[in-house]
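In what follows, chains are A, B, ... by sequence order, proteins preceding strands, each numbered from 1.
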2 protein chains.
Amino acid sequence: MATIKDIANAAGVSLATVSRVINDGPKVGKATRERIKKIMDEMGYRPNANARALVNKRSASLGVVLAELSDPFFATLAHGIEATTRKQGVQILMSSGSIERETERQAIETLLEHRCEAMVVHSKALDDETLIDLAGQVPGFVLINRYIPEIANRCVWLDNVAGGRAMAKYMLSQGHRDIAVISSRYQIEDPVQRIQGIREELEQAGIALPDANIEYSTPDQEGGEIAVQNLLAKGKQFTAVLAYNDAMASGAMTILQDHGIDVPNEVSVIGYDDVLLAKYCRPKLTTLRYPVEVMAMRAAELALSYASGNRPEPGVTFKYTPTIVKRESVVKR
Amino acid sequence: MATIKDIANAAGVSLATVSRVINDGPKVGKATRERIKKIMDEMGYRPNANARALVNKRSASLGVVLAELSDPFFATLAHGIEATTRKQGVQILMSSGSIERETERQAIETLLEHRCEAMVVHSKALDDETLIDLAGQVPGFVLINRYIPEIANRCVWLDNVAGGRAMAKYMLSQGHRDIAVISSRYQIEDPVQRIQGIREELEQAGIALPDANIEYSTPDQEGGEIAVQNLLAKGKQFTAVLAYNDAMASGAMTILQDHGIDVPNEVSVIGYDDVLLAKYCRPKLTTLRYPVEVMAMRAAELALSYASGNRPEPGVTFKYTPTIVKRESVVKR
DNA sequence: TTGTACGCGTTATCAG
DNA sequence: CTGATAACGCGTACAA
């Protein structure tokens, strides 16, 4: 592949001059510039991003660490990030961490080796300390879907406690009193906080949420099916199911219907996330809207901005609050 | 960030020695090796991937060009690729091309600038010639979901004509004779080939597929809804709908049901792709399994293999054939 | 306006 | 076993 040197030779000028026209540098004669451009074109010249990164000490690329690309939630996340990087002509380095400490660590490590000063990371397995340390090393380090007070201005996150409260509040307003919860078995903060929110709201209304009314399983459709089966097997009475996410909610509806239980008339179901899926299942899922895409774009902008020298404002954080999307799976009792 | 030089100074040895221990080079004293390793650890040394790529002329990274990350199909594709790259410790450079010539071109351009010798690209907008040219430049260039005879050994693709035939054949076997097709309005090869397959099979059975029985729309749920609405509005009679993909099929079912038409008893519906979605909708979607993930893994392996010097075998190609997955949306007539 | 020369962090070749 | 030293492709003071 042609280098800057080849171009210089072909054009009979020096490296410096070529470099200047590449970067729209200031002092180059109009004629020379045109001639060189033409030659670059003919020879199919492409700047070597690696060499550039080396001398510039910055790489025009954004590192991304996600948990699981095939999950619609993360796919949407990736999509949002991609949208803003494309606008800014920035390349994405993508890694998947699958919620395991070592893999996440490894993913970030690789990004570090590539010297990308901007990164958007979704980490649940790494501890606060590690992440805070990272934020110190990487100027454009931004966390998505996680809040750590010490680096609040690098966190783009959803208020899960508020989300839990909103779910519960809505169900209460619809007259539901016998409530079951199906949640994720992964003991990361999200499920814990959502349940906490639900509990708070319920207790405020004088209703207890016994542990027996909560089932834990994998946060996917199958998990939702299993969780509800367990609930049913225990002979639990409930008129409302609050799910950890839309996939679980969908699985829950399937099983309920298989048992001849009408959704939403006998049992109402509410999801969380509002991913694509929510519109596909029947009845259409009432759920909490998690503005993933917007948040992802914000996170990417932030990372890029910090990386290019803008200092993170102290004291701010980027908190989002989920809102109810009313569809068909919840009904007044 | 500490460089190899810093380490050398701190250890009182030369650059070369440090470099040797980093790469597990052959001739270094055991004691020296341990000492240097310890120092690297203390100083938090990380090799600079850019510098490495520069001197090695190879980048240990795989470029990926997809159309639309938020689409479950592409999300699964990405997931498959990620799985194999992770195993091989290779970094992914991801770009999204959104099926527009210029964006796709730009995406590849950027990858080229990063000098990644391995790429898996999903391109529908670029013409054969461009792609063939690219294959000449990039040793590990692999196309996914596209077949170009001249570079057959770099193509991992699905036989869409066979897919179309399979759909039609199955519907015929179930006694359907009045058949409608809802397809993608994007005139890329996939929809054309699938329809061709359908037509061939039908004609073999002495059944014509008039153009009026085909509706084109966007290849998503909404498009499926619109397409079926149009069919209905035209007063078409049909007992079977063959959809371009699962999303369209799902939309179709929704509209049919909204019109009080029973699926599958009055109208059977078949999808294509077998993405997540197919299991979520009700009735569960009978569809054609597109082994995206397997194919993606294959493509990634191939790209990496070619990139590391293995020459593409002449004469071979990587063709996959979709198979029917029977669920609930098709019924015997 | 153009050219020279050095440095970015690594690897690899050749001497010692 | 270890150390100089020359690339790799590019950007940029500093000269001319």
Side-chain angles (χ1 to χ4, degrees), chain A residues 1-37 39-40 43-61 91 109-117 137 308, chain B residues 1-37 39-40 43-61 91 109-117 137 308:
Chain A
M1 179 140 309
T3 77
I4 207 175
K5 197 171 187 174
D6 300 331
I7 307 291
N9 286 340
V13 297
S14 78
L15 304 182
T17 307
V18 179
S19 176
R20 286 189 190 100
V21 353
I22 292 173
N23 302 292
D24 286 323
K27 300 149 182 254
V28 180
K30 186 134 185 156
T32 335
R33 180 176 307 245
E34 289 314 315
R35 192 163 53 87
I36 294 180
K37 276 196 171 166
I39 295 183
M40 291 198 311
M43 302 184 61
Y45 170 75
R46 276 180 253 284
N48 182 323
N50 295 312
R52 276 190 156 164
L54 190 56
V55 40
N56 289 333
K57 290 170 164 305
R58 37 183 282 119
S59 66
S61 60
Q91 178 63 255
E109 202 64 32
T110 315
L111 260 22
L112 249 23
E113 293 185 359
H114 281 263
R115 298 295 186 271
C116 46
E117 351 66 83
Q137 294 178 45
S308 67
Chain B
M1 180 140 305
T3 77
I4 207 174
K5 199 171 186 175
D6 299 331
I7 307 291
N9 287 339
V13 297
S14 77
L15 302 183
T17 306
V18 180
S19 177
R20 285 190 190 98
V21 354
I22 292 173
N23 302 293
D24 286 322
K27 302 154 182 245
V28 181
K30 185 133 185 160
T32 337
R33 178 172 309 235
E34 289 313 317
R35 193 162 52 86
I36 293 180
K37 275 196 172 168
I39 295 184
M40 291 199 309
M43 302 185 60
Y45 170 77
R46 275 178 254 282
N48 183 323
N50 296 312
R52 278 191 157 163
L54 187 58
V55 44
N56 287 335
K57 290 169 164 307
R58 38 184 281 122
S59 67
S61 60
Q91 179 62 258
E109 202 64 31
T110 314
L111 258 25
L112 249 21
E113 293 185 0
H114 281 263
R115 298 294 186 273
C116 45
E117 352 63 84
Q137 295 178 46
S308 68

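For B:Arg52, the side-chain contact (heavy atoms from CB on, under 4.5 Å) partners two or more places apart in sequence, or in a different chain, are B:Ile22, B:Asn23, B:Pro47, B:Asn56. Applying the side-chain contact (heavy atoms from CB on, under 4.5 Å) test to B:Thr110 and every residue at least two apart in sequence or in another chain returns A:Gln91, B:Gln106, B:His114. In this structure, the side-chain contact (heavy atoms from CB on, under 4.5 Å) partners of B:Met43, at least two apart in sequence or on a different chain, are B:Ala2, B:Asp6, B:Ile7, B:Ala10, B:Ile39.
When every heavy atom of B:Ser61 is checked against every heavy atom of B:Cys116, the shortest pair comes out as O-CB, 3.5 Å. When every heavy atom of A:Ser308 is checked against every heavy atom of A:Arg58, the shortest pair comes out as CA-NH1, 4.3 Å. The two residues A:Asp24 and A:Lys37 have their closest heavy-atom pair at OD1-NZ, 4.5 Å.
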Study note, to complete from the structure: Reading nucleotides 6-16 of chain D from 5' to 3' and marking B where a protein heavy atom lies under 4.0 Å of the base, S where only the sugar-phosphate is that close, and - otherwise, the string is --BBBBBB---

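Dashed line: the shortest gap from a side-chain N or O of B:Thr17 to OP1 or OP2 of D:dG3 is under 4.0 Å.
The C1' atoms of five pairs define one axis at each end of the helix from C:dT1-D:dA16 to C:dG16-D:dC1, and these two axes lie 40° apart (to 10°).
Between B:Arg115 and A:Arg46 there is a side-chain heavy-atom pair separated by less than 4.5 Å.
Between the side chain of A:Arg35 and the backbone N or O of A:Ala11, at least one donor-acceptor pair lies under 3.5 Å.
Expressed to the nearest 0.5 Å, how far CD1 of A:Ile4 lies from CG of A:Asn9 amounts to 11.5 Å. With values rounded to the nearest 0.5 angstrom, B:Leu54 atom CG is found 11.5 Å from B:Ser59 atom OG.
Extent of DNA chain C lying under 4.0 Å from chain A heavy atoms, first and last nucleotide in 5' to 3' order, is C:dT1 to C:dG9.
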